[in-house]
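In what follows, a single structure is set out as structure tokens and then discussed.
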Amino acid sequence: MRKVDSFGRIDCQRVKPDKALGLLKECVDGGVFDGHKAEPVLAYVSGLCSYLCGEQLWDGETWARCCDAYLEAVDAEAGPALAAKYKARCQAEYKKQALDTWGADLDPELKTACDVEFSLAYGGKLLLHNTRLFLKCGRRYGICGKNGVGKTTLMRNVDNGKIEGLDPDLVSVFVESHADEDADDAKSVVAWTTSRPALVTRGAAAEGPAVEVLRSVGFSDELLAAPVASLSGGWRMKLSLVVAALMDADILLLDEPTNHLDKKSIEWLVAYLTACRACCMIVSHDTGFLDAVCTDVIHYEDRKLVRYRGNLSEFVAKVPAAAAYYRLEDSDTKFAFPAPGRLEGINTTTKAILKLDTATFTWPGRDALTLVDASCKLTLASRVCVLGANGAGKSTLIKLVVGENGPDNGECLWRHHNLRIAYVAQHSFHHIEQHLDRSPCEYLQWRFGKYIDEELLQTKLEELKRLQAQEDPNREPPRPLPFTFEKIMGRRETGKGVLEYEVKWWDRAEKQNLYIEKERLERTGHAEQVLKFDMLVASRAAGLDLINVTVSELQAHLDEFGLPREFGTYGRVRGLSGGQKVKLVLAAAMWNRPHLLILDEPTNFLDRDSLGALSNAIRDFGGGVVMISHCEEFYKPLCNEQWMVEAGQLTCSGEATETKLKVGKKKREAKAKVEEKTTGSINEEVKYAVPKDFWGKILSKKDARSYEKKAAKRDYPAMRKILGVPKGKQMPGMPELGDGTS
């Protein structure tokens, strides 16, 4: 630990303040600085500058604040000259000459795109410190480093011209891995491309060349006329790359360019980049792609950029510690997926938990069928990879399975009534980007604070409205309910597998409750209440009602997905990198202990270390897994089933291998360490958890016992009274208590 004395001098182990003071006095050449009155100022300045020398901080602004300002205050004329002389002496004495790893003298025939020395920070975090960036046109630089070191931030600052010393006349184009929604997305592909402001400004928005490049990457006449909003993730990425190609920029910045691309599209991209005259900076976790295109690798090392000549294979040969970029199983990071809860009637891992039978689907506005007679089934042992070209309908199939889209030919989907599905979509940032100013823990508290997944509830409500709109108006009306509906109290399953709900009637005692069939309740206008109760039952089955959604508990969950307290509790979603956002989405998806995990392009954004952790977690997971991925290295060791989507047809091959049934405990245990009060004699310690009331105060032993008795009887008004919940308010985490107004 560095100590600060009464003068504010920092005792730096690298450069001692006394030595720095000696150098400063050697620079003094008579005048006011040679007197005893200037001694305290010289001592203070040398103390500050000793730290700057030790930390190798040489930028002019910092030295001006720490040296020039104080010396000028003593003598406005001689101060600046003394400050400049002192800095030069310090640099000659203490500045370390960095080893030139950039090969500035190599390839003299190539134009230098940039040669700058800079520092880079994001928020309050220093990412790069006094590092050099030397780039040449015609070279292709792969940017390597762990999630969160600032790879995308570096490229975004290069694109915005915010790197100090960067030539303002350089033309750069930044291709991000996910496109934000655009007001022009309703336009056709050709109209959207030729209306890009960057192309219009450079005079490169002519329709002829644009159509030629679009056709070269596989856009058919139908796709050229289709609205951009209807394109899949793969075609959106191709469209972004086409705009970049038309720009003819000096620096081409690509952030995960192979995301969503099929094999043929990646081959086109490799051919384009190898013939490109621009300087390319590429962030990608596709090792095969980096091997094929990179001429150099820029590696993050101790907040410095270090350049290695050669592709990724040659880089690993020079830096063996970077072997994790190749072998997923070598990952030091660990993800911990919770064991799924038990499903009624499912006693083996090969028994179906979801079936899709001859489903047909067409996207609105298109004549051609996207899927025709698609049939499949899933079990707890399923390890399925969905394959197919871009736009073949892979994501459409997944949305049918999840329920986000409905088939054209009616009810073709069966799911176990207690099945919990975790769906990490292709554009998985859509939901969390509505919570940019919340911390990850605050986002999870909002989503799961009432024990029902708020995001999933909204999705299912939209699905419910769609089904109600498709209902046949000529269908025979349902038998009306005998009394006025108030709320649902319970649920049971009959011997025929039909669900019945215990209904509490308005102004009638609970002993007059009746069990009503699910279909009858839904058709009499109570489908939303049935849905919410089903979700509440599923949450209780997962043990979510037994866990307090506190910051410490949520942070313990985020720790299992590699998101430490620095980001999970004290950071904001806005400040997370792409890989860290994926970890947050995964952690949120696994909070309710799902039976089925569906991943759409899971390899996007995650670094190699995290991909290895995800691979190992999937291998040990006790539920079913379905994934869409073009990364054969990732899915091949995991998946023994393949669903091929081609020309609207689904072909299933392989079958699930029966494994040991892994079922989590019915009572979910807290992950965070909870301090419990103790009582008893000094010889024996008795521990008990003490409940808290609405205001956070611990209940007395008498009230705690009364509360347990009322809870066993489901006497909600008495429970509200003991907990001191004001009328009109809800007890956090206990939605069943209501607001006390009914």
Side-chain angles (χ1 to χ4, degrees), residues 340-361 370-384 386 393-423 453 456-457 459-472 475 491-501 517-523 527-528 530-535 537-538 541-542 592-598 623-626 641 643 645 649-652 654-656 658 661:
R342 183 177 294 279
L343 286 172
E344 297 175 37
I346 305 297
N347 300 318
T348 67
T349 58
T350 53
K351 189 171 182 179
I353 57 176
L354 182 148
K355 290 180 181 178
L356 187 68
D357 187 25
T358 60
T360 298
F361 181 80
T370 305
L371 289 173
V372 182
D373 294 336
S375 299
C376 58
K377 78 167 187 175
L378 290 169
T379 69
L380 290 174
S382 293
R383 294 292 185 272
V384 179
V386 186
K394 302 185 297 297
S395 295
T396 303
L397 173 63
I398 292 300
K399 289 181 179 180
L400 283 177
V401 170
V402 173
E404 284 194 9
N405 293 334
D408 300 339
N409 52 340
E411 289 295 326
C412 304
L413 178 67
W414 172 85
R415 287 182 293 196
H416 191 286
H417 53 271
N418 277 344
L419 180 66
R420 296 188 296 275
I421 299 177
Y423 177 37
D453 187 341
L456 182 60
L457 175 62
T459 301
K460 290 195 172 186
L461 287 175
E462 291 175 7
E463 178 189 356
L464 179 62
K465 291 178 182 178
R466 176 181 54 77
L467 292 174
Q468 290 173 338
Q470 293 176 351
E471 190 172 344
D472 185 2
R475 187 179 177 185
R491 188 183 76 179
R492 71 184 182 187
E493 185 176 1
T494 65
K496 298 180 181 180
V498 177
L499 289 177
E500 294 181 340
Y501 294 80
E517 290 184 358
K518 180 177 182 178
E519 183 181 3
R520 185 180 173 191
L521 273 178
E522 289 178 336
R523 296 193 61 204
E528 184 173 335
V530 170
L531 171 62
K532 289 182 178 179
F533 191 82
D534 283 343
M535 292 188 66
V537 171
N592 67 346
R593 295 167 64 191
H595 304 99
L596 186 61
L597 174 61
I598 299 180
V625 179
V626 181
E641 298 176 74
W643 294 354
V645 183
Q649 299 291 329
L650 171 62
T651 305
C652 301
E655 61 181 45
E658 185 165 355
L661 188 63

- Any chance you could lay out the side-chain contact (heavy atoms from CB on, under 4.5 Å) test for Tyr423 and Val401, step after step, and finish with the verdict? CA-CA 10 Å; Tyr423 177 37; Val401 170; over 6 Å; no

Apply side-chain contact (heavy atoms from CB on, under 4.5 Å) to the pair Thr360 and Asp373, showing each step before the final yes or no.
CA-CA 5 Å; Thr360 298; Asp373 294 336; 3.7 Å; yes

Spacing of [X] atom [atom1] and [Y] atom [atom2] [to the nearest 0.5 Å]:
{"X": "Lys532", "Y": "Leu457", "atom1": "NZ", "atom2": "CG", "answer": "6.0 Å"}
{"X": "Glu500", "Y": "Leu521", "atom1": "CD", "atom2": "CG", "answer": "10.0 Å"}
{"X": "Thr350", "Y": "Ile353", "atom1": "OG1", "atom2": "CD1", "answer": "11.0 Å"}
{"X": "Ser382", "Y": "Leu597", "atom1": "OG", "atom2": "CG", "answer": "12.0 Å"}
{"X": "Leu650", "Y": "Thr396", "atom1": "CG", "atom2": "OG1", "answer": "12.0 Å"}
{"X": "Glu519", "Y": "Leu499", "atom1": "CD", "atom2": "CG", "answer": "12.0 Å"}

### Query
Under a 4.5 Å cut-off applied to non-hydrogen side-chain atoms, are Val386 and Val645 in contact?
yes

How far apart are the closest heavy atoms of [X] and [Y], and which atoms are they?
{"X": "Val626", "Y": "Leu378", "value": "CG2-CD2, 3.5 Å"}
{"X": "Pro340", "Y": "Pro594", "value": "CB-O, 3.2 Å"}
{"X": "Met535", "Y": "Asp453", "value": "CE-O, 3.7 Å"}
{"X": "Ala352", "Y": "Lys377", "value": "CB-CD, 4.2 Å"}
{"X": "Leu461", "Y": "Glu528", "value": "CD2-CG, 3.6 Å"}

Contacts of Asp534 meeting salt bridge (Lys or Arg N to Asp or Glu O under 4.0 Å) (sequence neighbours excluded), chain-then-number -> Arg491, Lys518

Residues at least two apart in sequence or cross-chain that pass ring pair (Phe, Tyr, Trp, His ring centres under 6.0 Å) with Phe361, listed by chain then number, are Trp363

Is it true that a side-chain atom of [X] and a backbone atom of [Y] form a donor plus acceptor pair closer than 3.5 Å?
{"X": "His417", "Y": "Val498", "result": "no"}
{"X": "Thr379", "Y": "Thr349", "result": "yes"}
{"X": "His595", "Y": "Gly623", "result": "no"}
{"X": "Ser375", "Y": "Thr358", "result": "yes"}

Notebook entry, point to check: Yes or no on side-chain contact (heavy atoms from CB on, under 4.5 Å) for Ile598 and Ile421, after CA distance, side-chain angles and deciding distance?
Noted result: CA-CA 7 Å; Ile598 299 180; Ile421 299 177; 3.9 Å; yes

Across all chains, not counting sequence neighbours, the side chain to side chain contact (heavy atoms under 4.5 Å, CB included) partners of Lys465 are none

- Within a reach of under 6.0 Å around CD of Glu493, are more than 12 heavy atoms found that belong to other residues, nucleotides or ligands? yes

